[in-house]
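Residue numbers begin at 1 in each chain, while the letters A, B, ... track the order of the sequences. These numbers were taken from a predicted model, which means no experiment stands behind them.
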Protein chains: 2
Amino acid sequence: MSTVGELVGTAGAEPAQGHTLLLDDQLCFALYAASRAVTARYRPLLEELGLTYPQYLVMLVLWEQDSISVRDLGAALQLESSTLSPLLKRLEAGGLLRRERRPDDERSVAIRLTEAGARLKERARTVPVDIGAAMGLTPEQHTLTQQLLRLLTANVSQG
Amino acid sequence: MSTVGELVGTAGAEPAQGHTLLLDDQLCFALYAASRAVTARYRPLLEELGLTYPQYLVMLVLWEQDSISVRDLGAALQLESSTLSPLLKRLEAGGLLRRERRPDDERSVAIRLTEAGARLKERARTVPVDIGAAMGLTPEQHTLTQQLLRLLTANVSQG
DNA sequence: TGCGATTAAATCGCACACAACTAATTCGTA
DNA sequence: TACGAATTAGTTGTGTGCGATTTAATCGCA
């Protein structure tokens, strides 16, 4: 099974949206299992960088936009400050970033990469490539999955 | 955006599989965000049943097949005993199930629903329907997403 | 200008998740 | 049949996630 066409073609073979209580009918379970499987696949790669998976996501945001508030980081990753605060503390302890209160608004905390944090980006470059290969999806399947997941997230987030 | 055709049609508008370090390029993040968003959507529904999301998944398995070993439960849900053991202890404390060593193999523990656990199934019937509605996918999109996620999980689980 | 409402992080409590390890039991085979 | 290997749960330690609350700072409006 390798093309979208083949996937669509087999769709009729199973009852769509069973609304039953069977585990294998639940899209939620497919999602939950896939998410943990992908995270597990990342684990050994990220271990070499000294990062967990959520920490890696934080670093992705910082490599893209340095000096960001905890608030905006939370908005980007859809995580609460109760999750981010201790996570950022660990990254700071690991020497990858610094947290400083903003002078113009002392409520806000700016997250800035250290030199080590910025340097780590180079070592991380191969990670998306390796994971992409492990996922084994065609470019078409990859894009389609991403779009379906975004649609699902948008609908579920408040519809 | 509502049909698979429309999704496929727009696929060419974005670079497929960027292999970059941009957060929004990462399929893994779409997956991670979608999984948490769906779980969050379940939360209020399951709270009425006194269940967390992973507890709900365990109950789904038990409603389908009562008297199952921790091992087989872990195989069905892809969870380690280190996750299941305390979770099952909480469900037992809540009176939904019992754990008993199997007489024929004392290493194994059989999980059995109590009367209350079995009764809860009726109150849970509407959950998949409500979630299905909140997901807002067409039957075709629903099935396609499930198939893509299964393919992804299979590939990533050891390729 | 003052003061209640709002906002931003952090803290606390609880429940996963998983690696590494332990304890008990059973298996397999020499 | 004895004994080392394998299997099954459970325990421990670390790191998320999130709701509820707390603390500090800023805002907004009378």
**Prompt:** Do Leu46(B) and Thr52(B) have side-chain heavy atoms sitting under 4.5 Å apart?
**Reply:** no

**Message:** Rounded to whole Å, how long is the line connecting atom CG of Asp105(B) with atom P of dC27(C)?
**Reply:** 6 Å

**Asked** Heavy atoms, side chains only, cut-off 4.5 Å: are Leu144(B) and Leu144(A) in contact?
**Response** yes

**Message:** Quick test of your reading of the model: are Arg119(A) and Glu122(A) salt-bridged, counting only N-O distances below 4.0 Å?
**Reply:** no

**Prompt:** Just how far, in rounded Å, is C1' of dG10(D) from CG of Leu79(B)?
**Reply:** 15 Å

**Asked** Using 4.0 Å as the upper bound for N to carboxylate O, is an ion pair formed by Arg112(B) and Glu100(B)?
**Response** yes

**Prompt:** Do the side chain of Ser69(B) and the base of dA9(D) come within less than 3.5 angstrom through a donor-acceptor pair of N or O atoms?
**Reply:** no

**Message:** Below the 4.0 Å mark, does dG17(D) have OP1 or OP2 next to a side-chain nitrogen or oxygen of Arg36(B)?
**Reply:** no

**Request:** Compare the minimum distances between each of dA9(C), dA20(C), dA9(D) and the side chain of Arg101(A), then state the nucleotide with the smallest one.
**Result:** dA9(C)

**Item:** Short side-chain N/O contact to dA9(D) OP1/OP2 from Ser81(B), under 4.0 Å
**Value:** no

**Asked** Angle class for the Tyr32(A)/Tyr53(B) ring planes (parallel below 30°, perpendicular above 60°, tilted otherwise)?
**Response** perpendicular

**Prompt:** Among dT26(C), dT26(D), dA19(C), which nucleotide sits nearest the side chain of Glu106(A)?
**Reply:** dT26(D)

**Asked** Taking the side chain as C-beta and beyond, is there a heavy-atom pair between Leu49(B) and Val127(B) under 4.5 Å?
**Response** yes

**Request:** Would you mind reading off the distance between Leu84(A) atom CG and dG15(D) atom P, rounded to a whole angstrom?
**Result:** 16 Å

Can you pull every protein N or O that's under 3.5 Å from an N or O on nucleotides 2-6 of chain C?
none

**Item:** Flag side-chain contact, heavy atom, 4.5 Å: Leu149(B) against Leu27(A)
**Value:** yes

**Request:** Can you tell me the distance, in whole Å, between the OH atom of Tyr42(B) and the P atom of dC18(D)?
**Result:** 17 Å

**Prompt:** According to the Watson-Crick and G-U wobble definitions, with both distances under 3.5 Å, which nucleotide is paired to dA30(D)?
**Reply:** dT1(C)

**Message:** Testing Arg107(A), Arg102(A), Arg101(A) one by one against Asp105(A) for a salt bridge (charged side-chain N to carboxylate O under 4.0 Å, His left out), which residue passes?
**Reply:** Arg107(A)

**Prompt:** Rounded to whole angstrom units, what separation is found between the CG atom of Leu73(A) and the P atom of dT16(D)?
**Reply:** 13 Å

**Message:** Would you say Ser108(B) places a side-chain N or O within less than 4.0 Å of OP1 or OP2 belonging to dA9(D)?
**Reply:** yes

**Prompt:** Could you state the CD1-C1' distance from Ile111(B) to dT8(D), rounded to the nearest angstrom?
**Reply:** 12 Å

**Prompt:** Expressed in angstrom and rounded to an integer, what is the separation of Leu77(A) atom CG from dG15(D) atom C1'?
**Reply:** 16 Å

**Message:** In the structure I gave you, are the side-chain heavy atoms of Leu113(A) and Met59(A) within less than 4.5 Å of one another anywhere?
**Reply:** yes

**Request:** Would you please confirm or rule out a distance under 4.0 Å between OP1 or OP2 of dA19(C) and any side-chain N or O of Arg43(A)?
**Result:** yes

**Asked** Considering only heavy atoms from C-beta outward, does the side chain of Leu79(B) approach that of Arg36(A) to under 4.5 Å?
**Response** yes

**Complete:** Residues of residues 86-96 of chain A with a heavy atom under 4.0 Å from any atom of DNA chain C, listed by number, are Lys89(A)

**Request:** Might you point out which heavy atoms bring Tyr56(B) and Leu51(B) nearest each other, and give the distance in Å?
**Result:** CA-CD1, 4.1 Å

**Item:** Pairwise 5' ranking along DNA chain C for Glu80(B) and Asp104(B), keeping only the more 5' one
**Value:** Glu80(B)

**Asked** Do any side-chain nitrogens or oxygens of Thr83(B) fall under 4.0 Å of OP1 or OP2 in dA17(C)?
**Response** no

**Asked** Would you say Thr114(A)'s side chain and Leu96(A)'s backbone share a donor-acceptor pair under 3.5 angstrom?
**Response** yes

**Asked** Of the residues in residues 46-62 of chain A, which ones touch DNA chain D at a heavy-atom distance under 4.0 Å?
**Response** Thr52(A), Pro54(A), Gln55(A)

**Message:** Closest approach to the side chain of Arg99(B), judged atom by atom: which nucleotide of dG10(D), dA9(D), dC18(D) is it?
**Reply:** dG10(D)

**Prompt:** So do Leu60(A) and Leu22(B) actually touch side chain to side chain, heavy atoms under 4.5 Å?
**Reply:** no

